[in-house]
Asker: 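The following block contains the structure, expressed as structure tokens.
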Protein chains: 2
Amino acid sequence: MPPKTKLRDPAAEITFGALPDLIGYQLRLAQIAIFRDFAQTLGSYEISPGLFGALVIIEANPGLKQTELARATRLDRSTVVSLVDNLERRALVERRSAAGDRRSNALQLTPAGKALLKKLQRLVAEHEQRLAANLSAKEQLTLVKLLEKIFPEYR
Amino acid sequence: MPPKTKLRDPAAEITFGALPDLIGYQLRLAQIAIFRDFAQTLGSYEISPGLFGALVIIEANPGLKQTELARATRLDRSTVVSLVDNLERRALVERRSAAGDRRSNALQLTPAGKALLKKLQRLVAEHEQRLAANLSAKEQLTLVKLLEKIFPEYR
DNA sequence: TATTGTTATACTCTATAACTATA
DNA sequence: TATAGTTATAGAGTATAACAATA
């Protein structure tokens with residue numbers, strides 16, 4: 001007799017094979033959930049995790065060039081152009097002329113950008129509390145430390 | 001004098017403000033690196049983490065319906081249509097007629113699908129070893145356990 | 001009425017390649 | 001020659017809404 005695939009009991013639970021043991025899989029699942037909560041938390045502001053990160057980096061490094069922002073965010077230079085377009089259209093970021101190199105832009109938050117970022121940071125802190133609701137303070141620290149050990153050579 | 005934004009020293013390193021302490025941020029960084037290594041590892045096979053996960057789930061639950069696959073992968077039903085189209089076009093998955101309900105498809109791996117999945121699983125195991133290269137066996141286990149505690153209500 | 005799969009459509013995120021202006 | 005920013009374009013991945021077939 002040829003080997004036939006045994007079909008599953010349609011009433012049975014779906015199983016996930018070896019997936020749940022994979023770090024990559026659990027990380028992806030966690031991120032899907034995190035992304036949804038993030039979007040819901042910042043709902044009215046139309047700010048993605050990527051845009052939030054860019055705002056934080058620009059605030060921490062006022063005057064940085066787009067190429068530097070691209071490196072810091074792991075995005076292509078061309079992708080950063082639309083990202084900055086987006087933030088500038090909303091008057092959160094300004095492209096200033098950089099002192100000493102007329103090719104590059106010096107990025108800065110506008111006062112409105114700074115004010116918005118303050119609000120966002122409060123909301124993101126709440127979001128972090130929610131995602132870590134089942135983790136002790138010590139576990140949260142451990143988690144960050146372990147995540148930092150994944151492909152540290154690419155950071 | 002009006003408060004002026006102090007520009008950063010152009011020779012200085014870029015800093016990341018409060019981002020590195022955020023679980024969500026570290027998770028995103030880790031995932032970007034993992035995704036790139038995954039793609040490189042499975043390079044010639046054109047299989048994304050999502051497609052790999054779908055193959056594993058179909059193998060573990062032969063005969064499952066598209067709607068069930070959608071739930072398991074956290075994708076919309078319509079997204080699963082193109083996912084299955086993709087795998088069926090490559091003769092890795094078959095849509096069989098489901099016994100007892102002519103609306104639904106019973107999904108199964110083809111022999112070619114099973115053979116490919118075996119190869120992929122070996123490659124993914126290598127990929128996991130690489131991403132966890134800096135983690136002890138105990139740390140790997142801890143990491144998975146901690147990740148499972150993030151928004152468990154969405155799993 | 002409700003569910004399954006499907007289609008048409010659109011939106012977000014991202015990259016590659018080619019261009020320009022400056023260095 | 002090389003770099004900074006830009007544009008045009010394309011591809012992946014995803015979702016929403018409306019529909020036909022079937023339950």
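Letters A, B, ... are given to chains in the order of the sequence lines, protein chains preceding strands, and every chain is numbered from 1. Values in this document were obtained by computation on a predicted structure and should not be read as measured data.
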Asker: Is A/T79 close enough to C/dC13 that one of its side-chain N or O atoms is under 4.0 Å from OP1 or OP2 there?
Answerer: no

Asker: Determine: side-chain N/O of B/R36 to OP1/OP2 of C/dT14, distance under 4.0 Å, yes or no.
Answerer: no

Asker: Relative to the ring of B/F151, is the ring of A/H127 parallel (under 30°), tilted (30 to 60°) or perpendicular (over 60°)?
Answerer: tilted

Asker: Which atom pair, heavy atoms only, marks the closest approach of A/V144 to B/I23?
Answerer: CG2-CG1, 3.8 Å

Asker: Distance criterion of 3.5 Å, no angle test: do you see the side chain of A/R103 paired donor-to-acceptor with the base of D/dG5?
Answerer: no

Asker: 5'-most contact on DNA chain C: B/R28 or A/R77, nearest heavy atom basis?
Answerer: B/R28

Asker: Using a cut-off of less than 4.0 Å, is there contact between a side-chain N or O of A/Q66 and OP1 or OP2 of D/dT3?
Answerer: no

Asker: Taking all non-hydrogen atoms of both residues into account, name the closest pair between A/K114 and A/E59 and its distance.
Answerer: CG-OE2, 4.4 Å

Asker: OP1 or OP2 of C/dT6 versus the side-chain N and O atoms of B/R95: is any pair under 4.0 Å?
Answerer: yes

Asker: Kindly indicate whether the side chain of A/S78 and the base of C/dT16 share any N or O donor-acceptor pair separated by less than 3.5 Å?
Answerer: yes

Asker: Under 4.0 Å between a side-chain N or O of A/R102 and OP1 or OP2 of C/dA23?
Answerer: yes

Asker: Counting just side-chain N and O atoms, does B/S48 come under 4.0 Å of either OP1 or OP2 of D/dG13?
Answerer: yes

